[in-house]
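Pasting a structure here, questions to come.
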Amino acid sequence: MSAPTRRIAHLDMDAFFASVELLRYPELRGQAVVVGGGHRATPTVDENGTRHFVRLREYTGRGVVTTSTYEARKLGVFSAMGMMKAAQLAPDAILLPSNFDSYRHYSELFKDAVASVAPRIENRGIDEIYIDLTDVPGETRTLAQRIKRVVADATGLTCSIAVAPNKLLAKIGSELDKPDGLTILSMDDLEPRIWPLAAKKVNGIGPKANDRLAALGIHTVGDIAAADPAFLQEHFGLSYASWLTRISAGIDEREIETESVPRSKSRETTFSRDLHPRRDRAELSERFTALCMRLAEDLERRNLTSACISIKVRFSDFHTVTRDHTLERGVADGASIRRAATECLKRVTLDRSIRLLGVKASALSEQSIDGGAPKWVQAEIQFDASADIG
DNA sequence: AATTTAACTCCCACCTCC
DNA sequence: GTTAGGAGGTGGGAGTTA
């Protein structure tokens, strides 16, 4: 007997960060609003209690757009776009700083609301989830409507949902009717509704793969389905080619993962101006230490230790290098992290200005109850003179 | 004894996603 | 003067081990 057709939903909150901001600033509803840019985008309140918002044209810096309202998207402003470029397209758009604590709060609210209808949920970041509706009683459309209702009641926000036989199709489907959408897809919809879509609509085909496909004359999902698997294998290797062929046939057997353990923790920062390894050595060292200390806090808060510390250095030309250092036993304190990260840094030639510095902890383990280094080692933090910027 | 080879791990760049 | 920050994953090359 074959397995019954599953009912997998994908739920995506509509312009999530921007919509949360509109709850706080309802007078901005209907306007082009862009979230991003840090504290300089904070609105001010004058003596009459009137709020004054920052316009995009007033922004200077290296940030990117985190998200934007649909009105701003109409002007061509999308997530991950450089802020300066966005300012050229929509100089009058309102700019707001991102407020992650608030987004996390609303994220919890909407996920709890969904869980009251269907408990088997997979987290995919702050604003989207997969939901397994297979064993939830009720008609598919009714269930989806009920979920949209409880989310709206709990948060005041709209979302878009698709229900399909698998994650692949559910994820594609939730984009088809945004915002406030409800889409139901079956395998019969593959040819008429999925094959005409651009290949890059598939979760897993990013800009690079899309360009390589386009160079071979493959533009849509249907083009992938029509391609000879042997031809795909020649250009993409067996593993990726097989995956492409399967997804183009709408096949995806991945299960809903209701729990996950963190694989890595990292902290990175882009400087407001590029820092030179020699001229700005003191500042670099200070920022480097701060990253290690913040990473240590993250690990300690979750009671994790790390046996592999990595660094990331991005130079002014955007060229990026990483280095790892594997440790004999897990660490979580700032001093040990900094020591390991310094070992990594010694292996990088530092002769150009640096744009970004990052520190990552992987090979994570749960800290034993009494294990780990005692608190006093933190006093040991010192600036190792042997490292270039240490 | 020297050489070949498969399997595994580590390191690193790169890709993708939100 | 594009290009954040945090995460997961893949695959090739180098080195090690059996």
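Worth saying up front: this structure is predicted, and the values here are computed from it rather than measured.
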Upstream residue (5' side of DNA chain C) when A:Thr60 and A:Ser264 are each assigned their closest nucleotide: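 Result of the comparison: A:Thr60.
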
Distance-only side-chain donor-acceptor flag, A:Ser160 / A:Asp177, under 3.5 Å: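 No donor-acceptor contact under 3.5 Å links the two side chains.
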
Within 45° cone of A:Phe271 ring axis and under 6.0 Å: A:Arg273 NZ or CZ: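 Because its charged atom misses either the 6.0 Å distance or the 45° angle limit, A:Arg273 does not stack over A:Phe271.
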
Contact interval (first through last nucleotide) of DNA chain C with protein chain A, 4.0 Å heavy-atom: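 Listed 5' to 3', the contact boundaries are C:dG1 to C:dG11.
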
Within residues 80-103 of chain A: residues closer than 4.0 Å to DNA chain C (heavy atoms):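 Here the set is A:Ala80, A:Gly82, A:Met84.
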
Sugar-phosphate, base or nothing in reach of A:Val65, heavy atoms under 4.0 Å: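 A:Val65: no heavy atom of the nucleic acid under 4.0 Å.
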
Nearest-0.5 Å distance, CD of residue A:Glu257 to NZ of residue A:Lys167: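 With rounding to 0.5 Å, CD (A:Glu257) is 5.5 Å from NZ (A:Lys167).
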
Closest approach of A:Val221 to A:Ala198 (non-hydrogen atoms, all atoms of both residues):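 Closest approach of A:Val221 to A:Ala198, heavy atoms only: CG2-O, 4.1 Å.
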
End-to-end axis angle, where each axis spans five pairs of the helix from B:dT5-C:dA18 to B:dC18-C:dG5, to 10°: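 It works out to 10° between the end axes.
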
Pairs satisfying side-chain hydrogen bond (donor to acceptor under 3.5 Å, both in side chains), at least one member in residues 18-33 of chain A, at least two apart: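 For residues 18-33 of chain A: A:Glu21-A:Tyr103, A:Glu27-A:Arg51.
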
P-based separation of B:dT16 from C:dT2 [nearest Å]: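 That atom pair is separated by 23 Å.
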
Sugar-phosphate only, base, or nothing, as touched by A:Arg212 at under 4.0 Å among non-hydrogen atoms: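 The answer is nothing, as A:Arg212 stays clear of every strand by at least 4.0 Å.
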
Least distance between heavy atoms, A:Gly217 atom then A:His219 atom: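 The pair with the smallest heavy-atom distance is O-CD2, 3.4 Å.
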
Sugar-phosphate only, base, or nothing, as touched by A:Gly206 at under 4.0 Å among non-hydrogen atoms: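 It contacts sugar-phosphate atoms only.
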
Note, A:Ile256 side chain near A:Arg6 side chain (heavy atom, < 4.5 Å):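 SC-SC contact between A:Ile256 and A:Arg6 ruled out.
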
Touch class at under 4.0 angstrom, heavy-atom based, for A:Ser310 against every strand present: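 The answer is nothing, as A:Ser310 stays clear of every strand by at least 4.0 Å.
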
Backbone N/O of A:Ile205 and side chain of A:Asn210: donor-acceptor pair under 3.5 Å: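 Flag not set: sc A:Asn210 to bb A:Ile205 has no pair under 3.5 Å.
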
Side chain to side chain contact (heavy atoms under 4.5 Å, CB included) partners for A:Asp112, two or more places apart: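 With neighbours one apart ignored, the set is A:Glu108.
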
For A:Phe17, the option from A:Val33, A:Thr69, A:Thr66 that meets side chain to side chain contact (heavy atoms under 4.5 Å, CB included):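 Exactly one pass, corresponding to A:Thr66.
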
Residue pair A:Lys148, A:Asp180: steps toward the salt bridge (Lys or Arg N to Asp or Glu O under 4.0 Å) verdict: CA-CA 8 Å; A:Lys148 283 167 68 74; A:Asp180 202 13; 2.9 Å; yes

Touch class at under 4.0 angstrom, heavy-atom based, for A:Val202 against every strand present: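 Sugar-phosphate only.
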
Shortest non-hydrogen contact between A:Ser306 and A:Leu299, atoms and distance: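 That would be CB-CD1, 4.2 Å.
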
Sugar-phosphate only, base, or nothing, as touched by A:Lys265 at under 4.0 Å among non-hydrogen atoms: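 Since only primed, P, OP1 and OP2 atoms lie under 4.0 Å of A:Lys265, the category is sugar-phosphate.
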
Check: A:Thr320/A:Arg355 side-chain N/O donor and acceptor closer than 3.5 Å: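 A:Arg355 and A:Thr320 do not have a side-chain donor-acceptor pair below 3.5 Å.
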
Sugar-phosphate only, base, or nothing, as touched by A:Thr269 at under 4.0 Å among non-hydrogen atoms: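 Result for A:Thr269 = sugar-phosphate.
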
Nucleotide interval of DNA chain B bounded by contacts with chain A (heavy-atom cut-off, under 4.0 Å):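 Answer, 5' to 3': B:dC11 to B:dC18.
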
Pair A:Thr134, A:Asp132: side-chain N/O donor-acceptor within cut-off below 3.5 Å: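 Yes, a side-chain donor-acceptor pair sits under 3.5 Å.
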
A:Gly61 or A:Arg314, whichever maps to the more 5' nucleotide of DNA chain C: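 Looking at the nearest nucleotide for each, A:Gly61 comes out on the 5' side.
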
